[in-house]
Number of protein chains: 2
Amino acid sequence: PAKLKGHIKRWNVHASEMSKKTLNPIRAIVDGMKLTPNPEKPMIALSIGDPTVFGNLPTDDKVLQAMKDAIDSQKYNGYAPSVGYQKSREAVANFYNRPVAPVEAKDVILTSGCSQAIELAISVLCNPGDNILVPCPGFSLYKTLAVSLGINVKLYDLLPERSWEVDLQDLESLIDDKTTCLVVNNPSNPCGSVYSKEHLQNILSVASKHCIPILADEIYGDMVFPGCSFHSLATLSRDVPILSCGGLAKRWLVPGWRMGWVLVHDRGDVFGTEVREGIVKLTQRILGACTIVQGALESILNDTPQEFYHRTISFIKSNSEICYSALSTVPGLTPIMPAGAMYLMVGIDMKHFPEFQNDVQFTECLVTEQSVFCLPATPFEYPNFFRIVVTVPEDMMVEACGRIREFCAHHYRPCSQDSNEIDQ
Amino acid sequence: PAKLKGHIKRWNVHASEMSKKTLNPIRAIVDGMKLTPNPEKPMIALSIGDPTVFGNLPTDDKVLQAMKDAIDSQKYNGYAPSVGYQKSREAVANFYNRPVAPVEAKDVILTSGCSQAIELAISVLCNPGDNILVPCPGFSLYKTLAVSLGINVKLYDLLPERSWEVDLQDLESLIDDKTTCLVVNNPSNPCGSVYSKEHLQNILSVASKHCIPILADEIYGDMVFPGCSFHSLATLSRDVPILSCGGLAKRWLVPGWRMGWVLVHDRGDVFGTEVREGIVKLTQRILGACTIVQGALESILNDTPQEFYHRTISFIKSNSEICYSALSTVPGLTPIMPAGAMYLMVGIDMKHFPEFQNDVQFTECLVTEQSVFCLPATPFEYPNFFRIVVTVPEDMMVEACGRIREFCAHHYRPCSQDSNEIDQ
Ligand SMILES: Cc1ncc(COP(=O)(O)O)c(C=O)c1O
Ligand SMILES: Cc1ncc(COP(=O)(O)O)c(C=O)c1O
């Protein structure tokens, strides 16, 4: 408050710099869009990264039962340790333990959603003025958190033509002596890509050569289509220290429950006690996850039938194929087939849609005319693409693709240079 | 990582400054104590600020039922808005709405425990280099959070001889042009004090005169002994902007569930949209409370029988009286009778206990000899006191007080100056 010596003071309260620097690009862009659906067509939102909204992908009954048992036991109403109950940490450790990447309870920190896991990882590894390497396109939270903490963000390119593999040369060129964390998101939001063992090894080589620890955002771990394999980064490296972030949100279809975790993989003992203790200290700020969910965790991880996971992923795969094949024959669009997660990215060949300046205008008009909302990819730092969430019911997906086709047919303009496309 | 041009790089990963600056004084002090109970006496912990540990204060069945209903409904598995479900915010607003201090849903932000509410309030009001005024003795989280964010802390004195009222002169003398927040905790942890209307008005006058917004930590709101009244700060001011922080932890006896809230009281429109929007932005970092608890909130607030609240507070009052009257006849100790919350502070007249240098050594030896653990008040910035949690079962309380008496009798040394005390 202004101090006016001898004068009456006036109220002069402002929001902090940190709050002003906490920018959510999805909100900033979506809130700025005119989203007025066509009253003649029911709205179909393909934009929301929440698999529960349409009710077609309920969580498993065992998961719900585990919660009710935790409540009935009355054992989980008090404070848990700030890093989580020992028994729950053990359950997560057992679930993810692999001979090539052992995890014990002491390596597990339970958090309020994967978001807090990411916040802890960035907060413990980076100081203001440091920089982190973040995928482009990528989930916006990394940048939101880093910028709010005064940490710089450098975007490394993913290559759509190579199923969103990392441009390793670009990645390596960005590293400097202020780089304190490499963020790898596999499987990816918004791409739905799943990296091969070889590609992950190449990423690890860059990290190893330059001695950069990795934040592996593996919240979509194991959500990969049949025939494809998920490799967690930690299973492929003996030297690179890795903070693997995950949680119940996606695979168990309960994002609202805010249950996440950090797994500390550090076989080379690079983090030492310092980083481990740093994480523990940070957990004491607000404590972590709801104790009822923590109490249910062991049963959720151990008793959910395999069939549940299979059903979810088969549905996502089938919906992705429907969407991909419908849109790949739409002139002007280039969908990229995913291999996991729950998203599909679609490139817009803007030169064929001269009415629209960018992905935001394109998707805005798609709402106005067809009542279909796809998230423009600008918030993922990737203009001229849009993201489709492939967890919506199949009939909605089919209907939405039909409307997107109609919209594109209506607005497509062949270019003089490639007039052969006219006949498509 | 160190960049050694032309050399092989070495791993050089450190914990961030923020993580190192996140200091939990309770952990720091308790972890440094040698807590070896006397094997002949079962341990009694009067140290843990968690009313659920002994099972004698279960939450109400309606509270548990509300949770199970929320799970069964399957309506609360997806993401909620980052500030909480509208319906749940409305329920909190209705619960706390008063004609003199109206609250609407838009004024309520749901958080992951009262701790996150406090974090949001401090983070939105203060920049690094600003200072906040914090009660002494006081709950340690204010300082932990502020220091980690580079915000300075100034302690204002509470006066034990005046039932822990604020030393208003001291308070006012600390204010400078970098003071951006006054923290008031009523009812208090660790004091158990409850301020009168008049005293709260005096505190508000200081804030009003110097134009300092208030963080009112009212997590123990309404937990006051029969005959005493709780006044929320916001009901007593028309001009001072107040962020009132609360939650389910204490009054509903479910601290592990991590359900808290901020109520924005700003009838003078000092915060304006800037601070409100600042809070909303900050909630988007990690999102807030578990959706199951949010879904249950309306029923928890509306259906918990009054009898439940009465039973809790009567029990705490009766235990406080037992403790107070037992310890007030112990030479060398000065218990201060609380009027609410769940704590009782006891002064140690150190000159009569020359064996011990301070409250930490005193309480350590009390464990060694009598297997009774009371939290030394040094973590609350108040040496030579200890805090007793008065939610333990009555027989434990009686037994513990007997052992404390025995311990003091054993170690008490009359001073030459006041040798008349020998006969007590
Ligand atoms: C890649 C990625 N990481 C992390 C998160 C956040 O997960 P949670 O909801 O558990 O905080 C999301 C959510 O969409 C995500 O897509
Ligand atoms: C005064 C005070 N404020 C806030 C809190 C934190 O409450 P919560 O557990 O809801 O984060 C406590 C917990 O002991 C407290 O004593």
Side-chain angles (χ1 to χ4, degrees), chain A residues 1 3 9-20 22 24 50 52-53 58-59 64 67-68 71 74 76-80 112-113 115-116 119 123-127 144-145 177 210-213 241 253-258 270-271 274-275 278 281-282 284-287 290-293, chain B residues 1 3 9-20 22 24 50 52-53 58-59 64 67-68 71 74 76-80 112-113 115-116 119 123-127 145 177 210-213 241 253-258 268 270-271 274-275 278 281-282 284-287 290-293:
Chain A
K3 186 161 195 173
K9 297 207 180 55
R10 299 244 188 96
W11 287 104
N12 182 25
V13 177
H14 291 283
S16 67
E17 291 307 311
M18 182 164 102
S19 71
K20 288 184 195 160
T22 302
N24 177 333
D50 181 340
T52 73
V53 276
T59 191
L64 300 176
M67 288 285 280
K68 289 193 281 184
I71 291 169
Q74 301 218 43
Y76 307 111
N77 297 336
Y79 287 111
S112 183
S115 298
Q116 197 197 8
E119 186 187 47
S123 302
V124 81
L125 291 177
C126 311
N127 284 310
T144 300
L145 291 172
D177 56 3
H210 295 274
C211 296
I212 313 288
L253 300 167
V254 288
W257 295 6
R258 315 309 301 135
V270 170
F271 288 145
E274 189 180 312
V275 171
K281 286 178 171 200
L282 290 172
Q284 295 173 350
R285 297 168 63 90
I286 64 162
L287 309 187
C290 175
T291 42
I292 297 296
V293 191
Chain B
K3 187 160 192 173
K9 298 208 180 54
R10 300 242 189 97
W11 287 103
N12 183 23
V13 177
H14 291 282
S16 67
E17 291 307 312
M18 181 165 103
S19 70
K20 288 184 196 159
T22 303
N24 178 334
D50 180 341
T52 72
V53 276
T59 190
L64 300 176
M67 288 285 281
K68 289 193 278 184
I71 291 168
Q74 302 218 39
Y76 307 111
N77 297 336
Y79 286 112
S112 183
S115 298
Q116 197 196 9
E119 185 187 48
S123 303
V124 80
L125 291 177
C126 312
N127 284 310
L145 291 172
D177 56 2
H210 294 274
C211 295
I212 314 287
L253 300 168
V254 288
W257 294 6
R258 315 309 303 134
V270 170
F271 288 145
E274 190 180 311
V275 172
K281 284 178 173 199
L282 290 172
Q284 295 174 351
R285 297 169 61 91
I286 64 159
L287 309 185
C290 174
T291 43
I292 296 296
V293 191

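Source: prediction; values computed, not measured. Hydrogens, waters and symmetry mates are skipped; everything else that's a heavy atom, side chains included, is used.
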The criterion is side-chain hydrogen bond (donor to acceptor under 3.5 Å, both in side chains); which residues satisfy it with A/Tyr76, sequence neighbours excluded? none
Minimal heavy-atom distance between B/Pro255 and A/Gly78, with the atoms involved, is CG-CA, 3.9 Å
On a heavy-atom basis, the closest approach of B/Leu282 and A/Met18 is CD2-CE, 4.0 Å
Nearest-0.5 Å distance, CH2 of residue B/Trp257 to SG of residue A/Cys290: 7.5 Å
Chain A shares the most heavy-atom pairs under 4.5 Å, among B/Gly113, B/Pro241, B/Gly268, with B/Pro241
Euclidean distance, B/Thr59 OG1 relative to A/Ile71 CD1, rounded to 0.5 Å: 11.0 Å
If you compare all heavy atoms of B/Asp50 against all heavy atoms of A/Tyr79, which two are closest, and at what distance to 0.1 Å? OD2-N, 2.7 Å
Report the distance from atom CD1 of B/Ile292 to atom NZ of A/Lys68, rounding to the nearest 0.5 Å. 10.5 Å
Which region of A/Val53, side chain (C-beta onward) or backbone (N, CA, C, O), has a non-hydrogen atom less than 4.5 Å from a non-hydrogen atom of chain B, or is it both or neither? neither
What part of B/Gln284 gets closer than 4.5 Å to chain A, counting heavy atoms only: side chain, backbone, both or neither? both
Among B/Val254, B/Val124, B/Leu287, who wins on heavy-atom pairs under 4.5 Å with chain A? B/Val124
Among B/Ser112, B/Pro58, B/Gly256, single out the residue with the greatest number of heavy-atom pairs under 4.5 Å to chain A. B/Gly256
Atom of B/Lys281, atom of A/Lys20 and distance for their closest heavy-atom approach: NZ-O, 3.6 Å
Among B/Thr291, B/Ile286, B/Val13, B/Thr52, which has the most heavy-atom pairs under 4.5 Å with chain A? B/Ile286
Of the listed B/Asn127, B/Leu145, B/Val293, the one with the largest count of heavy-atom pairs under 4.5 Å with chain A is B/Asn127
With sequence neighbours left out, the residues meeting side-chain hydrogen bond (donor to acceptor under 3.5 Å, both in side chains) with B/Glu274 are A/His14
How long is the straight-line distance from NE2 of B/His210 back to NZ of A/Lys9, given to the nearest 0.5 Å? 5.0 Å
Value rounded to 0.5 Å, distance of CG in A/Leu125 from OG in B/Ser19: 9.0 Å
Region of A/Ser16 that comes under 4.5 Å of a non-hydrogen atom in chain B: both
Most contact-rich option vs chain A, by heavy-atom pairs under 4.5 angstrom, among B/Val270, B/Leu253, B/Val275, is B/Val270
Let me confirm one number: the CZ-CD distance from A/Arg285 to B/Gln116, rounded to the nearest 0.5 Å. 10.5 Å
